[in-house]
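Note sheet for the following structure.
First listed ligand is number 1; within each ligand, the first listed atom is number 1. Values below: every heavy atom of this structure, side chains too, minus hydrogens, waters and symmetry copies. Everything numeric here is computed off the predicted structure, so don't read it as measured data. Positions are given from 1 along the sequence.
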Amino acid sequence: MNETIDRLLFEDRIFPPDPAFTAQAHIKDDSIYQEASLDRLGFWAKWAGQLEWMEPWTEVLEWKAPFAKWFVDGKLNACVNCVDRHVRNGLHNKAAIIWEGEPGDRRTLTYWDMQREVCKFANVLKDLGVQKGDRVVFYMPMIPELAIGVLACARIGAPHSVVFGGFSATSLKDRINDQQAKVVVTADGGWRRGGIVPLKQTTDEALKDCPSITACVVFQRIGGSHSITMKEGRDLWWHDLMAKADAWCEPEKMDSEDLLFILYTSGTTGKPKGIMHTTGGYLLGAYMTSLLVFDLKPEDVFWCTADIGWVTGHSYFVYGPMSNGATQVMYEGAPDTPSRDRFWKLCEDHGVTVFYTAPTAIRAFMKWGPQHPESRNLSRLRLLGSVGEPINPEAWMWYHTHIGNGRCPIVDTWWQTETGSIMITPLPGVTTLKPGSATVPFPGIEAEILTEKGKVVTSGGGYLCIKSPWPFMLRGIYGDPERYEQTYWSKWKGMYFPGDGATRDDDGYFWILGRVDDVINVAGHRIGTMEVESALVDHPLVAEAAVVGIPHEIKGTAIAAFVIIKEAGAPGPDLEKTLKQHVVDQIGAIARPEKIIFSSDLPKTRSGKIMRRLLRDIAEGKTLGDTTSLADPAVVESLKVKYEGEEG
Ligand code: PRX
């Protein structure tokens with residue numbers, strides 16, 4: 001980590017805002033920061049007033065650490081805010097979603113279309129017996145029906161829980177069972193790199209062991225000769241149900257603190273956590289950060305490349321841009337299908353003005369070369385964003401030069417599933433940018449860097465901390481209030497610990513260094529080391545496993561697994577392949593280990609804890625630090641020799 005700090009502190013390029021950008025921006029000077037810090041609650045309340053409420057709140061915040069209620073007693077409906085009010089306000093025929101499937105099929109849905117489709121699906125869910133409070137799981141490709149389904153849930157007050165389509169049947173099953181979901185919505189498949197992702201087949205596998213599910217709705221995305229089985233009495237076609245559904249559904253009056261959605265994310269234990277977000281505070285965050293960080297204007301075409309299966313797709317596809325009445329691009333497939341200019345062709349064809357993606361994608365674009373964006377007209381782009389992992393200054397510069405043509409500001413946005421919306425970020429008309437720094441906290445957010453004991457760090461690295469509650473914070477972990485308190489609020493009293501390390505420079509800018517817990521950020525996706533270890537030891541030939549993150553050129557971090565196999569097993573390329581596939585089957589392709597290192601023992605402390613730092617050093621081929629606390633220092637040497645041998 002020290003090396004990273006040194007490298008980042010050496011970064012001294014600065015990019016002040018272009019006066020022409022500032023002149024047209026929503027936020028033109030830094031007075032918003034002072035306003036927010038002088039009266040934080042008043043600031044949030046002022047912005048919350050821009051949402052449409054059915055009943056006003058009586059108190060802005062009720063804080064019984066670590067449990068918060070925002071906009072107490074206020075009533076609103078998130079779907080009304082994202083759809084109905086635009087239909088009422090003259091935007092009815094404005095494009096809400098400009099969608100492209102991977103094979104090249106296109107659809108555009110206006111806000112009016114969205115209202116009709118959402119109402120119909122809301123009625124479908126009601127007819128299936130879904131009531132306010134019942135959970136509905138989505139396991140879908142990136143098609144408009146996913147947004148329609150999610151908003152239909154918000155309309156009737158049924159919390160949605162989207163499971164990324166790349167997760168395995170086991171992961172889907174665990175998420176359905178943890179929240180005892182009533183209905184699951186899927187598709188016969190989705191397109192990815194020219195192939196079909198067999199979503200329905202995976203759902204069938206999961207549903208073998210999901211007693212709470214009473215119905216499975218299936219959207220026909222692929223059709224043709226792609227056949228799936230429909231189980232009598234459980235499986236229903238989306239189009240059959242929609243054909244009979246009424247095009248108006250009265251929106252439910254939701255309390256500000258009613259659950260809007262549950263989204264699972266990896267933590268330090270073997271089991272992902274169901275992060276809960278509620279209606280009022282979450283919607284405020286998504287609305288306000290979309291407006292101010294992306295400087296959204298009525299004429300913008302916004303494209304966030306994230307899948308709705310991740311929080312970025314929740315906040316910056318569904319709730320943020322739509323509560324602003326924005327026009328958005330949605331794309332189903334891979335960035336290199338049919339060719340490596342696909343994203344730039346999409347930007348050209350649909351006139352994208354604001355583009356938001358992850359560093360891992362930018363590094364892949366860098367590797368593919370600038371000829372791809374250069375072959376397309378990207379002149380309408382005016383603002384770029386980055387999210388999900390630290391962006392290395394080289395990738396930042398490439399993005400700025402080759403995608404932004406040296407003129408688009410880049411907003412590097414730090415936040416998490418738990419924080420709901422962007423927390424540390426530039427405001428593009430105001431903030432001087434530094435490549436690799438997420439810059440400063442969003443107005444109203446109080447961030448600090450602390451030592452383990454809670455002392456403020458003024459120079460060098462420490463733990464990132466959020467000192468006070470904010471409206472779009474998570475409200476808990478589904479079914480586990482203790483874990484909520486223990487994971488996020490116990491390191492320092494009454495303060496939030498996100499699990500990231502960071503440093504701050506003389507200008508007060510934050511430089512996020514990455515996770516300091518047992519979570520690995522692989523290509524911008526969170527994976528728990530324990531999760532992968534559990535998947536490995538689930539294989540009959542594995543006795544013990546230890547997983548660490550190692551640097552990777554494109555993914556940022558990749559997974560390396562040290563594995564001790566049982567006597568019956570034969571270490572070698574075949575078993576390596578089998579074990580990698582086993583992890584994919586258990587969790588999903590995002591968790592596939594890059595390297596499996598067979599080992600006869602694992603370095604442990606005297607108290608029996610696996611020394612991951614040491615394994616990381618071995619996997620990275622670094623010189624070993626102090627190993628005197630090891631139970632058997634000889635193990636390390638043998639591991640190191642073995643690993644170097646494999647590197648060959
Ligand atoms: O380590 C941080 C990293 O991603 C983690 C959150 O992951 P997730 O909940 O999946 O949400 C990702 C999308 C918001 C954080 O704890 N992270 C996210 N954004 C950045 C980042 N690290 C550095 N810079 C960022 N801009």
Numbered atoms of ligand 1 (with element) below 4.0 Å of [X], judged on heavy atoms:
| X | answer |
| --- | --- |
| Trp415 | 6 (C), 14 (C), 15 (C), 18 (C), 19 (N) |
| Val387 | 13 (C), 14 (C) |
| Ile512 | 22 (N), 23 (C) |
| Asp412 | 25 (C), 26 (N) |
| Asn521 | 3 (C), 4 (O) |

Of the protein's non-hydrogen atoms, which lies at the shortest distance from [atom], and what is that distance?
| atom | answer |
| --- | --- |
| atom 19 (N) of ligand 1 | Gly388 N, 3.1 Å |
| atom 23 (C) of ligand 1 | Pro390 N, 3.1 Å |
| atom 1 (O) of ligand 1 | Asp500 OD1, 2.6 Å |

message: Test side-chain contact (heavy atoms from CB on, under 4.5 Å) on Asp617 and Arg613; report intermediate values, then the result.
response: CA-CA 6 Å; Asp617 285 350; Arg613 177 184 56 82; 4.2 Å; yes

- prompt: Just one of Asp505, Asp412, Thr439, Asp12 clears the side-chain hydrogen bond (donor to acceptor under 3.5 Å, both in side chains) bar with Lys434, so which one?
  reply: Asp505

Hey, is [X] touching ligand 1 through its side chain, its backbone, both or neither, going by heavy atoms under 4.0 Å?
| X | value |
| --- | --- |
| Thr417 | both |
| Thr413 | backbone |
| Ala438 | neither |
| Glu389 | backbone |

task: Could you tell me which residues satisfy ring-ring contact (aromatic ring centres under 6.0 Å, His included) with Tyr463, sequence neighbours excluded, listed by chain and number?
output: Phe497

- prompt: Any salt bridge between Glu452 and Lys491, counting N to O under 4.0 Å?
  reply: yes

Test: Lys467 and Glu448 ion pair at under 4.0 Å: yes

Is it the case that the ring center of [Y] lies less than 6.0 angstrom away from the ring center of [X]?
| X | Y | value |
| --- | --- | --- |
| Tyr331 | Trp344 | no |
| Trp415 | Phe472 | no |
| Trp396 | Phe15 | yes |
| Trp63 | Trp489 | yes |

- line: Min over Arg515, Arg526, Gln416, His525 of heavy-atom distance to atom 7 (O) of ligand 1 lands on Arg526

query: Is Thr312 in polar range of ligand 1, meaning some N or O pair under 3.5 Å apart?
result: no

message: Geometry only, no angles: is Val311 polar-contacting ligand 1 at N/O separations under 3.5 Å?
response: no

task: I would like to know whether Asn81 and Ser323 meet side-chain hydrogen bond (donor to acceptor under 3.5 Å, both in side chains); could you show each step before the answer?
output: CA-CA 5 Å; Asn81 275 276; Ser323 61; over 6 Å; no

